[in-house]
Trainee: 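Mind looking over this structure? Questions follow.
Computed from a predicted model, the values in this text were never measured in an experiment. Note: hydrogens, waters and symmetry copies are ignored here, and every other heavy atom, side chains too, is used.
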2 protein chains.
Amino acid sequence: MPNGDEGQGATIYEVAQRAGVSIATVSRALRGTGPVAARTRERVLKAVEELSFTPSRLGVSLAQGRHAANGIVFPDLSGPYFAEVLLGYEEVASELGRSVLILSTRGRAAVQDLVRDLVGRVDGMVIFGRTVEDAVVAEIVRTGMPLVMLARDPVDGVDVVSSENVESAEALAAHLLGHGYTTFALAGADDQGDVTQRWTGVRRVLTGHGIRSPEPLPCEFTVEGGYAAGRTLLGGGSRPEAVICADDQVALGVILAAEELGLDVPGDVAITGWDDIMTARHARPALTTVRQPMRLLGARAAWALDELITGARTAPSCQILSTQLIVRSSCGPHPLEEK
Amino acid sequence: MPNGDEGQGATIYEVAQRAGVSIATVSRALRGTGPVAARTRERVLKAVEELSFTPSRLGVSLAQGRHAANGIVFPDLSGPYFAEVLLGYEEVASELGRSVLILSTRGRAAVQDLVRDLVGRVDGMVIFGRTVEDAVVAEIVRTGMPLVMLARDPVDGVDVVSSENVESAEALAAHLLGHGYTTFALAGADDQGDVTQRWTGVRRVLTGHGIRSPEPLPCEFTVEGGYAAGRTLLGGGSRPEAVICADDQVALGVILAAEELGLDVPGDVAITGWDDIMTARHARPALTTVRQPMRLLGARAAWALDELITGARTAPSCQILSTQLIVRSSCGPHPLEEK
DNA sequence: TTGTAGGCGTTATCAA
DNA sequence: TTGATAACGCCTACAA
């Protein structure tokens, strides 16, 4: 097809000229937004075909005042948790006709600027808890940008989608108490995020049983971070009977540290995770954890955001998705209290 | 700050008016693209501040004729492989001042349309092998859109970034032969993708040793897919001594199937994976696999794409990243041939 | 049923 | 050093 017309870059004007009509007619014919005579439409479509015309997204967006795109901000994509949530988000957003822009804040210096740039590219966005400073979030809200926050404490006037954390943490703690453990350590910490909620639940149960609530040991939410935490928690003199970890990756790291210290899991120390990532099931020992619906989390966020963008809903909503305690072998042989 | 001005939506005209200058001057002052008197600049910046003006991304893009954004198309984000690659890609793209749009083709009907839409939003894009039909790729190339393909056979005139597959597959096969295994099965198949390259390497070594090359059994590249394949391969009468899997997730599924069939891994059957995802190390038994630099793959793609976009390079390049055989326990007790 | 013309928000050229 | 003004590509009242 060696004709002079480059397939790219044809504008609506060229189409109009070729079809012998005005650009308004081309637009109408293409968008079905007004009456067009059958024969005229044919001519237009033919010209469109011949020039392989695709309306410039920029032009459309500028004229319509919308991007037909959503953003999502997360701290990191390493590890399955964020990837799964993203997958659920993209799937729904795409179904709703919106492209997805991603932004990872991991190790970024000028997060603020990056987020601002993102704001200028989308009709609405999702932000994970512990990703962007409150001040920046407030700024975004002030611009009127539809916003859904994920996995964090409620925020005034903002949509939030979270997994249930407190009650499942209580269930987890209760289960461990059923094993007879009396000394605990907590690995990982965040601020106003989902992990904080988990510790709230754990501590409530522990103190309810007269057990001193331990301070969580901060660490990165990675296997490496867990490993470092594990060395600290298990290498010292007063080793806890059980280590409750902020998530599965941390738990895997703690197990690694335990092995290296010559400790048996769960014989010498019980270890639990959170999320139920794929590895949790295949790990040795298999991880006792709390399963949260990662993909659904993303999907729900996408739907909520859509409601906000279309104006189908204006009042902020707060969704809490239910979770499930998954007992495997890393917390020890099954106690009698078995449910 | 209860003034009437909404922080959002201020245009360059309003800034200009407030500063008592023309929009051209505002633009120059902001972009440093021409001479502006110090006092004038001050006034402009003050107005910008007061109106919290941010240039409309749409306006900028339209005027500059560029999006400052890249796309990436992948089949699925479930499992660590694509997530890791994406992470590397986003990190570099973001550093280069480009936003990242993602598109998953998983289970999508109108992939073609979605990809076309993406094309209209970016300055360049990355496409994983086995994601988009060749015809569509050709169409994209024809538009002049900078394109980098990932993890697939070379394509004429298109940048490709891949991990080394053939040689490492040969090394893997040789290692298994060193164990003394003589009957094999291959789990997973694709078309012109990286898995095909792996089978090429494996078969070359096997036939070189007079061993009949098995046909790969197609399956989804997930744990579930591997499980199904495992049931088929191991449940029948003539069980192979070793199952070489297309990737780690498939291998994990095969292990699951083996366990369920009462088979010991590696006692009754050796199993190997590919990628070296986190789970490979923690699995029981730990997975013998080939490690490929997933993040680097994404990073390299982002750099290559940048060269193409900026025009720093015009000739297509083909990068092959090196991989590493990781021997763990899933292929059996270490043979004497130990390197 | 179709065409004209203004608007969306920038950038950049060319005079002044 | 500054200001008009023409692109950029499209949508959409409003007129005809």
Side-chain angles (χ1 to χ4, degrees), chain A residues 5-45 47-48 51-69 116-117 119-123 143, chain B residues 5-45 47-48 51-69 116-117 119-123 143:
Chain A
D5 305 304
E6 288 302 321
Q8 62 174 312
T11 74
I12 199 172
Y13 284 95
E14 311 182 57
V15 174
Q17 186 171 33
R18 186 164 195 125
V21 297
S22 75
I23 61 167
T25 301
V26 175
S27 181
R28 278 188 294 253
L30 253 34
R31 320 193 74 236
T33 183
V36 176
R39 283 194 46 188
T40 310
R41 157 172 294 115
E42 251 171 50
R43 284 214 311 273
V44 169
L45 294 182
V48 166
L51 297 169
S52 64
F53 167 74
T54 308
S56 151
R57 184 67 242 177
L58 248 27
V60 174
S61 287
L62 198 58
Q64 293 190 151
R66 46 167 254 149
H67 301 269
R116 278 213 194 85
D117 180 77
V119 166
R121 296 172 177 273
V122 299
D123 302 320
T143 67
Chain B
D5 305 305
E6 288 303 321
Q8 61 173 312
T11 75
I12 199 172
Y13 285 94
E14 311 182 59
V15 174
Q17 185 171 35
R18 187 165 194 125
V21 297
S22 74
I23 61 168
T25 300
V26 175
S27 181
R28 277 190 295 254
L30 252 35
R31 321 194 75 234
T33 183
V36 176
R39 283 194 47 190
T40 310
R41 156 171 295 113
E42 251 173 50
R43 282 213 314 273
V44 170
L45 294 181
V48 165
L51 295 169
S52 62
F53 166 74
T54 308
S56 152
R57 183 67 242 178
L58 249 25
V60 174
S61 288
L62 196 59
Q64 294 191 152
R66 45 168 256 150
H67 301 270
R116 279 215 196 84
D117 181 79
V119 167
R121 296 172 176 273
V122 300
D123 302 320
T143 67

Trainee: For the side chain of B/Q64, counting heavy atoms from C-beta on, which of C/dT2, C/dT10, C/dT11 is nearest?
Mentor: C/dT11
Trainee: Are a donor atom and an acceptor atom from the side chains of A/R57 and A/S61 found within less than 3.5 Å of each other?
Mentor: yes
Trainee: For the pair made of CZ in A/R43 and C1' in C/dT1, what is the distance, rounded to whole Å?
Mentor: 12 Å
Trainee: Taking the minimum atom-to-atom distance to the side chain of B/P55, which one of C/dG3, D/dA4, C/dT10 wins?
Mentor: C/dT10
Trainee: Of the listed nucleotides (C/dG9, C/dA12, D/dT2), which one gets closest to any side-chain atom of B/T40?
Mentor: D/dT2
Trainee: Using the side-chain heavy atoms of B/T33, tell me which of these nucleotides is nearest: C/dA12, D/dT2, C/dG3.
Mentor: C/dA12
Trainee: Measure from the side-chain heavy atoms of A/A37 and tell me the nearest of D/dT1, C/dT2, D/dC10.
Mentor: C/dT2
Trainee: Could you please name the option among C/dT10, C/dG3, D/dG9 that lies closest to any side-chain atom of B/F53?
Mentor: C/dT10
Trainee: Counting side-chain heavy atoms from C-beta on, which of C/dC8, D/dT1, C/dT11 comes nearest to A/L62?
Mentor: C/dC8
Trainee: Rounding to a whole Å, what distance do you find between A/L58:CG and D/dA7:C1'?
Mentor: 14 Å
Trainee: Choosing from D/dC11, C/dA12, C/dG3, which nucleotide comes nearest the side chain of B/R31?
Mentor: C/dA12
Trainee: Given D/dA4, C/dT2, D/dC11, which nucleotide is nearest the side-chain atoms of A/P35?
Mentor: C/dT2
Trainee: Counting side-chain heavy atoms from C-beta on, which of C/dT2, D/dT12, D/dG9 comes nearest to A/T11?
Mentor: D/dG9
Trainee: Nearest whole Å is fine: how far is C/dT13 C1' from B/R28 CZ?
Mentor: 10 Å
Trainee: So, taking the atom named OG1 in B/T54 and the one named CG in B/L30, what distance separates them when rounded to the nearest 0.5 Å?
Mentor: 9.5 Å
Trainee: Reckon B/S27 has a side-chain N or O less than 4.0 Å from the OP1 or OP2 of C/dT11?
Mentor: yes
